[in-house]
Amino acid sequence: MKIISSYSIKGGVGKTALAVNLAYAFSEADHRTLLLDLDPQGAAAFYFRVSSAKKFNMGDTNSLSGGLRRNIRESDFPGLDIIPSSLAYRHFDIALDGMEKRRKQLRRVLEEFKDDYDTIILDCPPNITLLSENVFRASDLILVPVIPTVLSQRTLEQLDRFFSDEELPLDRLCPFFSMVQKRNKLHRETMAELTAAYPQFLKTTIPLSVDVEKMGLRRMPLLAYSKASDAAQAYRTLCSEIISLQENVCD
Amino acid sequence: MLRVLSQADKNSAVWVLPPGLIPRSLGTTWKVVEQPKTVTFCTFYDTFEWGVWFSGHLLYNDGTEYILQTLTSGWPGTVECTEQGDNIRFWYDFSGKLMRQRLREYLGLRGLEAVATAVFTTQCCDLRNESGKIVCRIEWSCIADEPGRDPYFTSCKILPLRGYEDQTSHVVYRLVELGATPPGTGPFSLLLQRAGCTPRVYTLKPSFGISFETPAREAVGRIIATILTIAESNIAGITADLDTEFLHDYRICLRKARSLLGLVKNIYPLGETEQFRNQLGELTRATNYLRDLDVCALTYHEHLVNLPEPLHKGLSLIFSRLLTERKREQRSVSTNLRNKSASNTIQGIIAEISIVSGHVESAAFQQIGPLVFRGILRRYRKIKTIAQTINIESTDEKLHQLRIECKKLRYLMEFFNEILPSDKSQLLQRQLRRLQGVLGDCNDSSVQQAFLLGWWHKQQADTDSTLTMGGLIALLHQRQQEARLRINKMLSEFTDNKTAATFKHIFKLQAEATGK
Ligand SMILES: Nc1ncnc2c1ncn2[C@@H]1O[C@H](COP(=O)(O)OP(=O)(O)OP(=O)(O)O)[C@@H](O)[C@H]1O
Ligand SMILES: [Mg+2]
């Protein structure tokens with residue numbers, strides 16, 4: 001079982017779009033996939049028309065994993081399940097804070113699902129909290145959508161520094177370009193600079209596309225209603241790149 | 001891929017629906033999104049003995065391929081194997097390893113025939129809630145006789161979605177309100193019934209419902225009538241040339257009936273007995289040549305394995321000639337059988353033999369038990385006497401005589417199995433079967449050699465075939481010798497003092513005790 005999270009300190013960069021479509025792409029590739037929506041806004045679950053999670057006790061790891069399990073919802077698509085978010089998730093931090101080894105609890109909780117799923121994808125809220133730290137320690141891969149603008153360089157640096165300071169595994173940090181406009185000169189230049197500074201950037205980029213925006217209207221993953229669009233292809237390619245990345249790590 | 005007859009598993013449940021219920025009936029509570037329908041015309045296959053059905057399977061063709069599927073409590077289970085093909089009759093007409101292996105077991109030498117057809121319509125429906133989320137799926141299935149006809153069986157499979165179990169219960173509740181019932185015995189008995197057939201057990205060793213005290217004439221009459229009825233039930237299969245087993249069984253039944261007439265003496269007027277025996281003998285003889293050809297044809301695959309490669313060309317030449325000859329002979333036998341004279345003869349014998357009253361023959365009203373027990377002992381003693389003269393050098397005729405005596409004893413014990421003390425006589429019968437097995441092997445090989453040689457002399461020979469014929473005869477001869485070597489052991493086992501004592505113990509004492 002691999003845990004992959006979609007994370008950025010910045011809001012609105014395409015984290016949820018990534019999580020939703022990547023989850024779909026993994027299930028298409030025959031991975032038994034679970035999408036865990038950790039953002040109290042609940043955007044990911046919205047795209048699957050799944051209503052928010054029922055309340056449950058987060059006091060200890062057992063009730064946490066039990067509560068998550070009870071909230072598993074089968075999506076409309078084969079091999080893809082969802083745990084929707086709920087407003088209660090804003091207390092995640094407090095809950096984790098009260099536990100021993102509070103930075104590693106999420107991994108322990110998710111390990112409970114290893115017989116049922118090949119891949120778990122986490123959609124994260126945009127901030128750095130105890131929950132995000134748990135996410136970092138729980139994930140085999142942390143995908144960071146980066147819109148190629150000058151500002152995003154700062155955000156990446158911040159994240160990098162945080163990882164170094166907290167002695168988090170930097171090699172799991174995997175940025176990629178999101179909402180890319182190929183025609184935009186500034187985008188192209190920024191991408192060249194950033195790739196030089198951060199060689200771990202994934203090769204695949206996700207283009208800016210109205211097809212993605214329509215997800216809000218269609219309320220389903222882009223890959224489900226527009227299989228052949230460029231953006232859909234891009235998500236699929238990204239998925240393959242991640243799979244081969246993981247295979248190489250294993251070898 | 002969606003299979004017509006897809007299996008319910010631990011996560012799904014099947015319900016039988018009242019006719020006329022359609023997916024839209026659920027539209028008041030959920031938004032029903034109907035997926036395209038799949039309409040499949042299926043032909044079901046089985047043998048005269050229902051080998052597929054009784055193995056707990058279905059074999060059908062859905063227009064694309066043959067599908068072998070398990071049948072669990074009347075409902076389709078796991079698909080075991082599939083294969084494309086046409087003109088399939090025997091297990092060896094398939095090429096897949098698993099398919100051949102399975103069907104070889106279920107069919108034996110039997111040929112498949114279409115037993116029923118039906119049109120299956122399957123449709124998947126999504127039930128969506130007010131957010132448009134699928135909360136339950138239903139697979140709707142209908143079975144009809146022909147395309148466009150009203151279905152005679154409707155069922156659905158409910159496929160719950162994890163996390164929406166409450167909705168699934170709700171759906172089931174609604175369906176039950178609309179008349180749904182639990183799965184029951186499944187659609188297939190009904191399907192076969194509509195095709196006019198019901199799987200039934202077929203056996204050459206039925207029980208006849210006789211007891212030790214049954215009057216001899218009545219018992220024998222009942223046995224013969226039953227056996228001859230089985231014989232007659234095989235005629236249609238012979239004329240249709242479905243497989244070689246029909247003729248085989250037909251002949252066995254005729255021979256058994258004929259033999260029984262000779263075994264229990266003095267219960268019909270002598271002239272009558274002789275007449276029946278002659279008639280039955282004649283019917284059997286009329287099919288001798290075809291049976292010989294059948295036996296040869298059946299050994300093709302075996303010979304192919306046993307003969308060296310250079311002789312294969314000749315083998316296929318010989319067999320293609322044999323098959324042509326067989327086809328000709330099959331047609332001639334069929335013509336004779338079709339014109340009813342065989343049927344009429346059989347019916348005539350059954351009718352006369354079943355008349356119970358008005359006979360003066362000495363043994364007609366005696367209890368059958370003592371007669372049979374005495375007969376069994378007499379046969380056994382005769383076999384013992386012959387056995388003393390048998391050795392490795394014994395002539396084929398001598399062995400033949402032994403085989404005939406064994407056969408008579410076996411028939412007696414088989415016919416009257418119901419009145420024999422079971423455990424011990426079972427053991428004796430097993431020994432006897434083993435002995436008869438080697439005697440039969442020996443005899444078959446010898447008969448086949450004679451037949452092939454006789455037939456061959458009437459053929460235009462080419463080099464390849466001649467070469468192979470030599471090989472074949474040598475092969476058969478070798479097999480005969482091998483069987484011969486085994487005879488002595490089985491024979492001494494069957495005639496040793498211990499076995500003799502058992503025979504005496506069972507049949508002598510009982511006969512005396514009950515006979516007087
Ligand atoms: N490749 C894209 N092309 C065009 N629009 C996009 C693309 N990716 C995301 N969007 C749109 O941008 C908006 C923000 O995307 P998304 O919700 O995925 O970002 P986010 O990082 O999850 O945001 P938040 O931080 O609020 O959780 C959404 O309206 C989404 O439809
Ligand atoms: Mg988001």
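Given the structure is predicted, the values throughout are model-derived calculations rather than measurements.
Ion pair A:Arg218/A:Asp211 not flagged as a salt bridge, since none of the NZ, NE, NH1 or NH2 atoms sits closer than 4.0 Å to an Asp/Glu carboxylate oxygen. Salt bridge annotation for B:Arg174-B:Glu177: present, with a cationic side-chain nitrogen under 4.0 angstrom from a carboxylate oxygen.
Residues of residues 63-73 of chain A placed with any heavy atom under 4.5 Å of a heavy atom in chain B are listed by number as A:Arg69, A:Ile72, A:Arg73.
When only modelled atom types and interatomic distance are considered, A:Asp81 and A:Tyr117 share a side-chain donor-acceptor pair under 3.5 Å.
B:Thr47 places no side-chain N or O within 3.5 Å of a backbone atom of B:Leu107 that could act as its donor or acceptor partner.
When the options B:Tyr60, B:Tyr106, B:Tyr66, B:Trp53 are evaluated for a ring-ring contact (aromatic ring centres under 6.0 Å, His included) with B:Tyr45, the one that passes is B:Tyr66.
Counting only residues at least two apart or on different chains, the salt bridge (charged side-chain N to carboxylate O under 4.0 Å, His left out) pairs with a member in residues 23-45 of chain A are A:Glu28-A:Lys227, A:Glu28-A:Arg236, A:Arg32-A:Asp118.
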